[in-house]
Amino acid sequence: MNASVRFMCFRSELLFLLVLSTSVAWSVPFSGALATPATATSTSTSVESEPSTDPANDSTSNASSSPSPLAPSAGESELSDCKSLVRSNYVLRHQGDYQGAEKVLRKALAIAREDADKILVYNALGGLYMHTDDSVQAEKYLRLAVALGEKVMKPDSLDIASLLDNLSVVCSSGKKFEEAESLNTRAIEIYKKNSGSPNADVDLITVLGNRGFILSKQRKFAESQKSFEEAVLICKGSSFVPPSLYATMMDNLGSAYYSEGNLEKSESCRVDALALFESSLGLAHPETIKAKQNLAGIYIRQGRLEDAANLLKSAINGLKGTGSVNNNLLTACMFDYQVVQDLIAKKGGAGSGESAKSDAKSPQTPDEVSTSEGYVALERGNLDAAKKAFDRAISQNPSQAGAYAGRAKIFDKRGDRANQLKDLDSAIKNYPCAPYYFARGDWFLRKSDFKSAISDLKKCAEMDSKRRFKVVNFLIGACYVELNDGADAVPYLNKYLADDRNRNDPQGYAIRAAAYHSVGKDELANEDLKRAKELKGKIAPH
């Protein structure tokens, strides 16, 4: 339920996907759910820049001059195989398969021989790790790409500009703002020198988007807004810009307006952005879902709780309707939906009927406003501001469960496990619900307190009538296995694997095999191990 900025770095991914007539935007995590140990982290933000594959040449043409990734030339060498793997990475990332993308890039890195190939892979790895919110690894590989690029490429080439721009975003995420602005400025100067290139519009949108992102991270919202407004203006006037890039810039502009308190303009931008994401990426794509979360955040600030609830419910249904659910994103949507339902309930409505709708559209109370502001700050990575907002909400209303849950997230990030547990306890005391029990169950699991974890996870499962927490039965079963209680583990693992969403999960079969073995059912254990081996590598667990 937040306003987020999606930065626009990494031109190579965009240029590659133009061949597919679409593109990808990255996005930072949203408020709410505490990740489970069995759930992969997702998301950061951007559209990636790909350097030329021949640093020995003039290197003034940009990445779009490369051969079509869909039709590699016959008889290409190992070097070209590496390029093909990098291109495959962008397809996999467009599909949301980040684990598969990392696998092909690791293979590409292993066979990379030439400097140009290494630059290409380093850059792609940097982009991938920004997508998965691993800024340390992202910075490592992008610095390698820039260092090697400056040795073998011309200093004013578009390839160097794109690498500098990519690194500027990573530096900004690490709060190295002075270096970030310097790198971004160098990139802008190079783009201006190379004006008139076939992809001039996209290049300029990209660098302006990143400029806006860097400024917004420093809370320079007025300057950030100007950068995004200029980028959107270029999008409107260009037929070359793909819809999802346009959508991302509209979303960014909406974020800038949101930060300045202009909810009317923010809503207009976010509505347009959502429509563009839906038409270009589909109803269930992670970027579409995140756009719905952002728009729901505006509705909450406006007191339009029913509209927010309906939008979040639509996001949840969209994710559940896909063959492979993004667990982190689904849990975050469910968390936000629960918070909205909590707000509706406290206003005296049950979420239906005319009186409930009227109450749901009334202005937020001060503690609700503070809680919303806390989640906005939390999403932006400003933990100090988020904590102040949550503290303020709790002082305004000591029973504000959403504020306790949000503050627990901050303590989690800071490694303060004791205070995290206290706030989760308070959240549950004031509003017992499935997401809060799930979060506390995860806390106990990470502390290896399997009995307490089982207790909370069972309560989550009991309250989760619509089976939104698809991993909960797996975790209960795994906890029983850790306690060497295979007899109690098997029924929960059976429930987990009986769900169509989980039936091809190798980890589920492997854990159930351990449960069967502990009760002497070795024949069944061997069958599950065989099944797990067959599935391993085909589908990423959870």
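The first residue of the sequence shown is numbered 1, and numbering continues consecutively from there.
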With the threshold set at 4.0 Å, does a side-chain nitrogen-carboxylate oxygen contact exist between [X] and [Y]?
{"X": "Arg446", "Y": "Asp412", "value": "yes"}
{"X": "Glu267", "Y": "Arg304", "value": "yes"}
{"X": "Asp384", "Y": "Arg414", "value": "yes"}
{"X": "Glu223", "Y": "Arg211", "value": "no"}
{"X": "Lys176", "Y": "Glu181", "value": "no"}
{"X": "Glu179", "Y": "Arg143", "value": "yes"}
{"X": "Arg407", "Y": "Asp391", "value": "yes"}

Taking it one step at a time, do Gln293 and Tyr337 satisfy side-chain hydrogen bond (donor to acceptor under 3.5 Å, both in side chains)? CA-CA 9 Å; Gln293 285 184 296; Tyr337 180 74; over 6 Å; no
The residue among Leu125, Leu105, Leu109, Val86 that forms side chain to side chain contact (heavy atoms under 4.5 Å, CB included) with Leu120 is Val86
Does any non-hydrogen side-chain atom of [Y] lie less than 4.5 Å from one of [X]?
{"X": "Val121", "Y": "Tyr141", "result": "no"}
{"X": "Phe213", "Y": "Ser173", "result": "yes"}
{"X": "Gln302", "Y": "Ile298", "result": "yes"}
{"X": "Leu163", "Y": "Ile119", "result": "yes"}
{"X": "Thr206", "Y": "Asn210", "result": "yes"}
{"X": "Glu287", "Y": "Ser244", "result": "no"}
{"X": "Leu424", "Y": "Trp443", "result": "yes"}
{"X": "Phe177", "Y": "Lys217", "result": "yes"}

Which is it for Phe390 and Ile410 under the side-chain contact (heavy atoms from CB on, under 4.5 Å) test, yes or no, and what are the steps along the way? CA-CA 10 Å; Phe390 290 133; Ile410 296 172; 3.7 Å; yes
Residues Asp307, Asn310; criterion side-chain hydrogen bond (donor to acceptor under 3.5 Å, both in side chains); working and verdict: CA-CA 5 Å; Asp307 290 336; Asn310 289 335; 4.8 Å; no
Could you measure the distance from the [atom1] atom of [X] to the [atom2] atom of [Y]? Nearest 0.5 Å is fine.
{"X": "Leu253", "Y": "Arg270", "atom1": "CG", "atom2": "CZ", "answer": "9.5 Å"}
{"X": "Ser266", "Y": "Tyr257", "atom1": "OG", "atom2": "OH", "answer": "9.5 Å"}
{"X": "Ile234", "Y": "Leu245", "atom1": "CD1", "atom2": "CG", "answer": "10.0 Å"}
{"X": "Ile289", "Y": "Ser314", "atom1": "CD1", "atom2": "OG", "answer": "6.5 Å"}
{"X": "Lys388", "Y": "Leu383", "atom1": "NZ", "atom2": "CG", "answer": "12.5 Å"}
{"X": "Ser224", "Y": "Asn252", "atom1": "OG", "atom2": "CG", "answer": "7.5 Å"}

I'd like to know whether Lys236 forms a side-chain contact (heavy atoms from CB on, under 4.5 Å) with Tyr246, so could you lay out the CA-CA distance, the side-chain angles of the two residues, the decisive distance to 0.1 Å, and finally the verdict. CA-CA 8 Å; Lys236 290 180 178 179; Tyr246 189 0; 2.9 Å; yes
Flag, side chain of Gln400 to backbone of Gly402, donor-acceptor distance under 3.5 Å: yes
For the backbone of Ser168 and the side chain of Ser172, can you confirm whether one donor and one acceptor N or O come within less than 3.5 Å of each other? no
Using the rule given for side-chain contact (heavy atoms from CB on, under 4.5 Å), can you reason through Met153 versus Asp115, listing the C-alpha separation, both sets of side-chain angles and the distance that settles it, and then say yes or no? CA-CA 10 Å; Met153 294 175 177; Asp115 287 339; over 6 Å; no
[X] versus [Y], closest heavy-atom pair with distance:
{"X": "Arg113", "Y": "Ala110", "value": "NH1-O, 3.1 Å"}
{"X": "Ala308", "Y": "Ile300", "value": "CB-CG1, 3.6 Å"}
{"X": "Phe277", "Y": "Ala291", "value": "CD1-CB, 3.7 Å"}
{"X": "Ile190", "Y": "Ile160", "value": "CD1-CG2, 4.1 Å"}
{"X": "Pro243", "Y": "Leu276", "value": "O-CB, 4.0 Å"}
{"X": "Ser135", "Y": "Val170", "value": "O-CG1, 3.8 Å"}

Phe411 and Arg417: CA distance, side-chain angles, deciding distance, side-chain contact (heavy atoms from CB on, under 4.5 Å) verdict: CA-CA 7 Å; Phe411 288 133; Arg417 306 302 181 206; over 6 Å; no
Establish, for the pair Arg186 and Tyr191, whether the NZ or CZ atom is under 6.0 angstrom from the six-membered ring centre and no further than 45 degrees off its axis. no
side-chain hydrogen bond (donor to acceptor under 3.5 Å, both in side chains) between Ser370 and Gln396: does it pass, once the steps are laid out? CA-CA 9 Å; Ser370 296; Gln396 293 164 337; 3.0 Å; yes
